[in-house]
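Values below: all heavy atoms of this structure, side chains included; hydrogens, waters and symmetry mates excluded.
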2 protein chains.
Amino acid sequence: MTDESAQPQRNGTLRPTLEAVAELAGVSRATVSRVVNGGTGVRATLRDRVQRAVEELGYVPNQAARTLVTRRNDAVAVVVAEPESRVFSDPFFAQQLRGIGKELSAADSQLVLLLVEDSGDYQRVGRYLAGGHVDGALLFSLHQDDPLPAMAHRVGLPTVIGGRPWAATDRDQLYVDTDNRGGARLAVGHLAALGRRCIATITGPLDQTSAADRLDGYRDILPDGDPQLIAESDFTQEGGGRAMAELLARRPDLDAVFAASDLMASAALRVLREHGRRVPQDVAVVGFDDLESVAAWTDPPLTTVRQDIEDMGRLMARLLLRRLSHDGGADAARHSPASVITPTRLVVRATA
Amino acid sequence: MTDESAQPQRNGTLRPTLEAVAELAGVSRATVSRVVNGGTGVRATLRDRVQRAVEELGYVPNQAARTLVTRRNDAVAVVVAEPESRVFSDPFFAQQLRGIGKELSAADSQLVLLLVEDSGDYQRVGRYLAGGHVDGALLFSLHQDDPLPAMAHRVGLPTVIGGRPWAATDRDQLYVDTDNRGGARLAVGHLAALGRRCIATITGPLDQTSAADRLDGYRDILPDGDPQLIAESDFTQEGGGRAMAELLARRPDLDAVFAASDLMASAALRVLREHGRRVPQDVAVVGFDDLESVAAWTDPPLTTVRQDIEDMGRLMARLLLRRLSHDGGADAARHSPASVITPTRLVVRATA
DNA sequence: TCCATGACAGAGAGCGCTCTCACACGCTCT
DNA sequence: AGAGCGTGTGAGAGCGCTCTCTGTCATGGA
């Protein structure tokens with residue numbers, strides 16, 4: 001019927017436009033637009049007529065056209081920098097993503113996932129962020145000199161960072177982080193309270209703030225500890241196993257280990273067993289993360305520090321959305337949200 | 001300098017447009033556009049001049065405007081339906097996503113992740129897919145009566161499905177699946193070859209083709225097996241443990257178990273130990289998936305069926321991109337890609 | 001009775017980009 | 001010398017939508 005004023009579609013059929021709906025309903029484009037966007041200020045009879053036309057034609061607004069004029073995308077980018085490929089296969093991140101997804105979809109925003117595999121990708125991602133595809137960005141697993149926050153700031157894109165960044169590029173750079181230091185204190189304090197005298201730790205990569213903060217927590221409790229009791233590792237099982245073996249070689253007398261991730265703790269458990277140590281009788285072990293598929297399933301079940309990962313993701317999304325909403329307002333600074341540190345708690349199972 | 005012909009930006013600064021670049025370079029919009037899109041057919045001197053202007057202004061094309069006229073988004077949706085919240089925290093999916101991300105970014109396409117949490121989300125996602133935000137979609141973890149493939153087909157959006165769908169809505173609906181049946185045959189065949197006589201299986205939820213296919217593979221090897229040896233479960237550790245206990249109660253004489261996922265196998269291992277069975281001496285166990293963080297770290301290390309998960313993701317993306325590229329061509333059908341079944345292989349460790 | 005008022009509806013100007021078309025120019029071929 | 005050609009470049013028409021501005025009509029008060 002209204003063959004003109006409709007856009008060609010991939011499969012050859014025509015996709016209806018505002019124009020087509022307007023024609024069918026016998027009104028102007030403006031009126032259809034009003035109805036589609038809430039329908040206020042349109043008489044009921046007309047509104048119904050338009051709605052029927054929309055229905056009949058199966059009209060769906062073209063987002064590109066809309067974005068072009070409104071400058072809103074209703075989309076948020078999630079950028080994951082993981083040159084080492086590790087971060088992403090980690091259930092940790094998946095859970096955060098879930099929280100983010102829930103929160104964004106509640107706000108009718110889309111989640112655009114950008115993966116940075118190698119350094120060449122930074123350019124691509126930077127272009128994307130600058131290209132106005134998204135209203136804001138959530139940045140993950142940044143390294144010490146990550147260029148992304150600065151890029152985003154340059155193009156004026158609101159961002160929230162997952163995990164405490166090393167340095168704030170921007171006075172009011174928002175971030176959400178776990179209380180890594182407090183959690184580590186909880187873990188090490190627990191070991192000390194059990195009467196353990198020689199408490200070692202396996203750290204994550206110390207160029208990440210989460211790893212550094214957990215080590216700081218360990219030192220808070222053991223300020224005069226032997227540096228031999230600290231083994232730097234990388235949060236993975238392989239690395240954790242190696243670190244455990246090293247610690248045993250350096251200090252065979254150790255009677256407790258705080259591993260800064262559950263994956264490392266699970267590997268430590270195995271290495272301890274291979275070396276004839278009983279857990280927890282000879283050596284007590286505490287992990288960090290409380291990953292569902294790991295902590296409760298080690299043998300014996302792992303005592304660990306729990307963080308509500310999904311909630312962190314949710315929080316990040318909420319922070320960003322809130323910032324977007326009072327964007328530019330005169331009192332933006334006054335009402336603007338602040339960074340959040342989520343609490344941790346100790347989950348005592350059988351290894352300590 | 002060129003204060004007009006620039007778009008206002010979130011943070012108050014102006015974002016340069018084609019027009020601004022053209023003015024600065026002293027050429028027309030068309031020429032700038034040509035340079036930005038490859039630069040063919042433009043004299044070198046002019047091209048340089050334009051490129052300098054682009055640089056100086058920090059010009060980035062506005063994607064919405066571009067999409068509006070080209071009807072390409074250079075973006076692909078990945079839709080994950082996971083009402084049960086399980087699928088997503090599964091490392092399985094994360095790995096696939098990685099493969100997809102790599103392949104898409106190589107093609108300069110963006111990955112837009114859509115999560116379907118509850119049935120209300122279907123509408124939102126459907127609207128999004130119909131709204132022309134993306135050039136195609138990758139659909140995951142569909143249930144028997146999932147409306148998404150039909151929705152996508154209706155609006156003419158090319159799709160590739162992850163895992164074999166129950167029924168093809170469309171003659172040439174593409175999908176990528178693991179050789180679940182063959183993998184199961186490998187596993188059960190191995191157990192039989194070891195001389196095991198009473199081989200049980202723990203299945204996934206049988207309304208998913210992957211679970212059903214793995215059970216079929218089991219039956220291929222044991223066509224006359226006792227139905228008592230088959231316990232339906234849900235791919236999770238909790239479910240796997242329950243199923244294992246049930247099997248032991250029904251058939252205490254079982255001497256082998258094929259668990260249709262590594263998570264279930266790891267739980268089975270623990271339950272077997274709790275019941276005083278030695279693995280593999282008393283009961284041999286084979287899993288499925290070869291998840292990095294699980295299979296190699298159980299005690300003893302799990303014999304399992306390996307599938308290249310990341311590669312599956314990569315394949316899906318490639319299939320979709322190829323379909324998009326000869327979209328509409330007269331010989332689309334002739335050259336069009338076909339669905340793919342990726343091979344599996346048995347990884348023998350210590351449990352069988 | 002006439003004008004001020006408010007509630008709707010329509011006309012039309014862009015948003016920033018791509019792409020077709022027409023034109024200009026320098027060259028070769030007859 | 002003139003026609004024909006190929007290569008660059010510019011002008012301009014949209015893509016589908018939103019939003020301001022203007023116009024219309026019914027209502028109520030002076």
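Distance B/His133 NE2 to D/dG16 C1': 13 Å, rounded to the nearest Å. Atom CG of B/Leu68 is separated from atom C1' of C/dC19 by 13 Å (rounded to the nearest Å). Regarding B/Arg66, its CZ atom lies at a distance of 8 Å from the P atom of C/dC17, rounded to whole Å. To the nearest angstrom, C1' of D/dT20 lies 15 Å from CG of A/Asn37. Atom CZ of B/Arg71 is separated from atom P of C/dC19 by 11 Å (rounded to the nearest Å). D/dT18 atom C1' lies 12 Å from atom CD of A/Gln63, rounded to whole Å. Note: CG (A/Leu18) to P (C/dG12) measures 17 Å, nearest angstrom. Taking atom CG on A/Asn73 and atom C1' on C/dG16, their separation rounds to 14 Å, with Å as the unit.
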Under 3.5 Å between N/O atoms: give me all the protein pairs with nucleotides 22-26 of chain C, atom names plus distance.
none

Please produce a list of atom pairs where a protein N or O lies less than 3.5 Å from an N or O of nucleotides 6-10 of chain D.
| unit_1 | atom_1 | unit_2 | atom_2 | d |
| --- | --- | --- | --- | --- |
| D/dT9 | OP1 | B/Arg43 | NE | 2.8 |
| D/dT9 | OP1 | B/Arg43 | NH2 | 2.4 |
| D/dT9 | OP2 | B/Arg43 | N | 2.8 |
| D/dG10 | OP2 | B/Ser28 | N | 3.1 |
| D/dG10 | OP2 | B/Ser28 | OG | 3.2 |
| D/dG10 | OP2 | B/Thr31 | OG1 | 2.7 |
| D/dG10 | N7 | B/Arg34 | NH2 | 3.0 |

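Applying the salt bridge (charged side-chain N to carboxylate O under 4.0 Å, His left out) definition to pairs two or more places apart or across chains, those involving residues 107-116 of chain B are A/Arg127-B/Asp108. Sequence neighbours left out, the pairs with a member in residues 26-55 of chain B that pass salt bridge (charged side-chain N to carboxylate O under 4.0 Å, His left out) are B/Glu19-B/Arg29.
When the ring-ring contact (aromatic ring centres under 6.0 Å, His included) test is applied to B/Tyr59, no partner is found at least two apart in sequence or on another chain.
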Note to self: Show, in sequence, the C-alpha distance, side-chain angles and deciding distance for A/Val176 and A/Leu319, and conclude whether the side-chain contact (heavy atoms from CB on, under 4.5 Å) test is met.
What the structure shows: CA-CA 9 Å; A/Val176 172; A/Leu319 238 50; 3.8 Å; yes
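When all heavy atoms of A/Leu104 and A/Gln110 are compared, the pair lying nearest together is CD1-O, 4.1 Å.
Atom CZ of B/Arg124 has more than 12 heavy atoms from other residues, nucleotides or ligands within 6.0 Å.
Note that the NE2 atom of A/His153 and the CG atom of A/Leu129 stand 14.0 Å from one another [nearest 0.5 Å]. Of the inter-residue distances, the one linking B/His133 atom NE2 with A/Asn73 atom CG reads 8.5 Å to the nearest 0.5 angstrom.
Checking the phosphate oxygens (OP1, OP2) of C/dC17, no side-chain nitrogen or oxygen of B/Ser33 falls inside 4.0 Å.
Over its full length, the helix from C/dT1-D/dA30 to C/dT30-D/dA1 turns its helical axis through 50°, comparing axes from the five pairs at each end and rounding to 10°.
Of the options B/Ile100, B/Leu114, B/Val112, a side-chain contact (heavy atoms from CB on, under 4.5 Å) to B/Val78 is made by B/Ile100 and by none of the others.
Counted by atom type alone, B/Arg66 and B/Asn37 present one or more donor-acceptor pairs between their side chains at under 3.5 Å.
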